[in-house]
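The analysis underlying the following values was restricted to heavy atoms, covering all of them including side chains, and did not include hydrogens, waters or symmetry mates.
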Amino acid sequence: KSEKALITIFAIAFVFESNNLLRHAHSVANDAGILAGQLPGISLSEKGREQALGLVDRIGAVNFASVRVSPMQRCQETIDPWLQSKFGSG
């Protein structure tokens with residue numbers, strides 16, 4: 001009986017230890033058909049800015065242990081609306 005309970009507790013703990021990955025929103029490089037890679041100065045397109053704003057409600061009040069963001073401009077611009085919202089740290 002206690003072995004079964006231990007397995008259940010382990011399974012529950014395992015489920016909650018996860019990583020969530022988010023790709024940047026649509027960028028001006030995407031508009032131009034360019035594979036930007038690590039090129040600096042690639043911002044979000046108008047479509048990407050709309051997608052980033054949509055993340056505020058889509059991600060909502062998810063309680064992340066930490067948020068790590070690439071230093072790439074398009075990545076920063078993607079998560080900034082959420083970070084500045086009532087749900088993020090802003």
Using modelled atom types only, decide if a donor and an acceptor are shared between the side chain of Asp31 and the backbone of Val28 within a distance under 3.5 Å.
no
Contact summary for Gln51 and Ala25, nearest pair of heavy atoms:
OE1-CB, 3.3 Å
Hey, what do you get for CG (Leu55) to CD1 (Ile79), rounding to the nearest 0.5 Å?
6.0 Å
Where Ser85 and Val56 come nearest, the two heavy atoms and their spacing:
CB-CG1, 3.7 Å
Is there a chain of hydrophobic side chains (I, L, V, M, F, W, Y, each step under 4.5 Å between heavy atoms) that links Val62 to Val67?
yes
Side chain proximity check, Ile59 to Phe87, heavy atoms < 4.5 angstrom:
no
Val69, Leu39: one ILVMFWY side-chain cluster at the under-4.5 Å cut-off?
no
Closest approach of Gln73 and Ser43, non-hydrogen atoms and distance?
NE2-CB, 3.2 Å
What's the spacing between Leu83 CG and Gln76 CD if we round to 0.5 Å?
8.5 Å
I'd like to know if the side chain of Ser45 pairs up with that of His26 as donor and acceptor (distance under 3.5 Å, no hydrogens or angles considered).
yes
Should the pair Arg74-Glu77 be classified as a salt bridge under the 4.0 Å nitrogen-to-oxygen rule?
no
How about His24 and Asn30: do any of their side-chain heavy atoms sit closer than 4.5 Å?
yes
